[in-house]
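See below for the structure under consideration.
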Amino acid sequence: MEKTKTDKQKPVYGMASNCAFMIRRAWRDCKSVLVICAGLIFCGVAANLLELFVVPAVLDAVGRGVSPQELVRMILWFTLGLVAVYALRTYLDENALLGRVHVRIELGQDVHMTFCRTSYPHTEDPDYMKRTVRANRALNDNRAAGEAIWETLTGLASNLISFVVYLLLLAQVGPLAAALCVALSAVGYFAGERIRAWRYRRREEEGELFHKTSYCISCARDVKLAKDIRIFGLAPWLTELYDKYTRLFADFYAKAQRYYLWADLLDVVLAFLRNGAAYGWLILLALRGELSAAEFVLYFSAVSGFTQWVTGIFTGLGALHRQSLDLSTLREFLETPEPFRFEDGKPLAVKPGHLYTIELRDVSFRYPGAEKDTISHLNLTIRPGEKLAVVGKNGAGKTTLIKLICGFYDPTEGQVLLDGEDIRQYDRRDYYKLFSAVFQQFSLLAGTMAENVAQSAEVDLPRMWDCLERAGVADKIRSLPQQENTHLGREVYLDGVDLSGGQTQRLMLARALYKNAPVVVLDEPTAALDPIAESDLYQRYSDLTGNCTSVYISHRLASTRFCDRVLLVEDGGIAEEGTHEELLARGGRYAYLFGVQSKYYQEGAMDDE
């Protein structure tokens, strides 16, 4: 069933559309690419014609009894013409690379920006991630479709023009032979392409193998995993997985090569029939005396060139077809519909000093492919300036709830409202500007400490140091060799430093404070902190969040006493809500869980003593 499904997939864009797309991009990004292509086409056709006519012209001149001086001049002119054409072609070849690379890099930048700016659900969609890999593969190197297509188009155009000239020549002496050459070349091309298309029909299988192999390589190179790989002896396992997938890769390509071999054998047989028929016809005409020596050489050369250019045309079409498939994949990725509204959405400007009301009205959310809702018919209003804690066991739906509030997901049912307005109408990037956040997974940039806090090359230093002080990591940054200009991480900079987990989390907290958005979201901000640092953070929680609305996620119930309201999330809904003291006095599920945690901490303290 999987094979049938894959075989029926067709590209959205055809060869003509993809060629027009690339020409438009070259016209926009680097017009010299088109000028050089036109020059190379001219050189290719001129060289073909000069090489075709030089020997017949010399033979004809000898037959007419021209003087040696005139014969030498003729040969000299042909030679100078060929030298000039070859020199120009060499010059253009040497200068073609830069512009073509520039166009490919611009397309790669579009792919990069599309992925960086796409709707958040796409980043969790395996199918979208596979399409991202395939789009990048179309631009990986000089041989990829995004650059190699220019060489293909140049050669194809040159072959087509030469083909027309040769066809006119052969039609004068053997239209049937010319038709037979075309017919056999066409049969060889279409039959060969049907065989060679085997790999495209299984591109999903190839993409999956490529993704798995790349994943093994990325894990082996990931500095963050280095300790686990050594402690748990994961190197042999990773090597075994890599060897397994490379063997599958090798088997896949070996099978593809067997198909390509049959296509090549078919080309050889048809070429023998094609050339044999044409040469036989010319020899027959020469024996009848219907062709002079010069004409025989001309048409004989034309047959050789004709079959060469017909084959070149079909070969070029085959290469263009394969490149077009990759370019279609690239364009389909760039034009993937977005579930969120961005530039076409309603602008939303952050109002200085304004605190927003965020409401979830009868909200349900189900992950793609899941059998039941993670959040089910939930109603919640976050009041302006409120300090809200969200607690619950792992898997209760806390993170999903936060992603709905932040606009990373749209509800399956219901609405998320900002001051009474559905957030789906807004430019989602404008909506994100309302939030400062520290998530469990965060991004560290290979830049300076200051750039990582400000998320910009332009840094307000007094403001940055204030945020570092409030986050409790200023002393550590001051102790570094270059203080705020110290590079973070060693992936790019040899003098980079690595912070501990707790220090990194505090740096991310400083980043959230620096943004100074009206809503602050803290997702397990004390997960990497020691108990003393955690207690210090709790004591300064109100100072950290200021007058902002804040949402605080934690699985440690003791941390919630500093919040105005606590939500206990269970089974996709709000099981209990109130202040810490109210929930303890109620003696419900929250009180039970708090008692269990308290007992654990007390037993741990006794064991330590």
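Partners of T114 according to the side-chain contact (heavy atoms from CB on, under 4.5 Å) rule, which considers only residues two or more places apart in sequence or in another chain, are Y128, F333, L334. Residues that satisfy the ring-ring contact (aromatic ring centres under 6.0 Å, His included) test with F439, not counting sequence neighbours, are F408. For the salt bridge (charged side-chain N to carboxylate O under 4.0 Å, His left out) test, residues two or more places apart in sequence or in another chain that qualify with R117 are E343. For the salt bridge (charged side-chain N to carboxylate O under 4.0 Å, His left out) test, residues two or more places apart in sequence or in another chain that qualify with D110 are R25. Considering only residues two or more places apart in sequence or on other chains, L153 meets the side-chain contact (heavy atoms from CB on, under 4.5 Å) condition with C19, I149, W150, L320. Annotation: side-chain contact (heavy atoms from CB on, under 4.5 Å) contacts of D460 (sequence neighbours excluded): P462, R463, Y514. With sequence neighbours left out, the salt bridge (charged side-chain N to carboxylate O under 4.0 Å, His left out) criterion links K31 to no other residue. Every side-chain contact (heavy atoms from CB on, under 4.5 Å) that A144 has, sequence neighbours left out, goes to D141. Under the salt bridge (charged side-chain N to carboxylate O under 4.0 Å, His left out) criterion, D127 pairs with R131, not counting sequence neighbours.
Within the structure, salt bridge (charged side-chain N to carboxylate O under 4.0 Å, His left out) contacts touching residues 87-108 (residues at least two apart or in different chains) are R104-E147. The ring pair (Phe, Tyr, Trp, His ring centres under 6.0 Å) analysis of residues 93-117, with sequence neighbours excluded, yields no pairs. Identified under the salt bridge (charged side-chain N to carboxylate O under 4.0 Å, His left out) test for residues 402-411, with sequence neighbours left out: E124-K403, D410-R428.
Dense packing is recorded around OH of Y86, with more than 12 heavy atoms of other residues, nucleotides or ligands lying under 6.0 Å away. Counting non-hydrogen atoms of neighbouring residues, nucleotides and ligands closer than 6.0 angstrom, the CD atom of E151 reaches no more than 12 such neighbours. Annotation for L445: atom CG counts as buried by contact number, over 12 foreign heavy atoms lying within 6.0 Å. In R28, the CZ atom is crowded: over 12 heavy atoms of neighbouring residues, nucleotides or ligands sit closer than 6.0 Å. Environment of OH in Y432: crowded, with over 12 heavy atoms of neighbouring residues, nucleotides or ligands closer than 6.0 Å.
Inter-residue side-chain proximity for R331 and N18 is flagged as met; some heavy-atom pair is nearer than 4.5 Å.
Judged purely by distance below 3.5 Å, without hydrogens or angles, the side chains of E484 and T448 never pair a donor atom with an acceptor atom.
In this structure, Y13 has its ring center at least 6.0 angstrom away from the ring center of F21.
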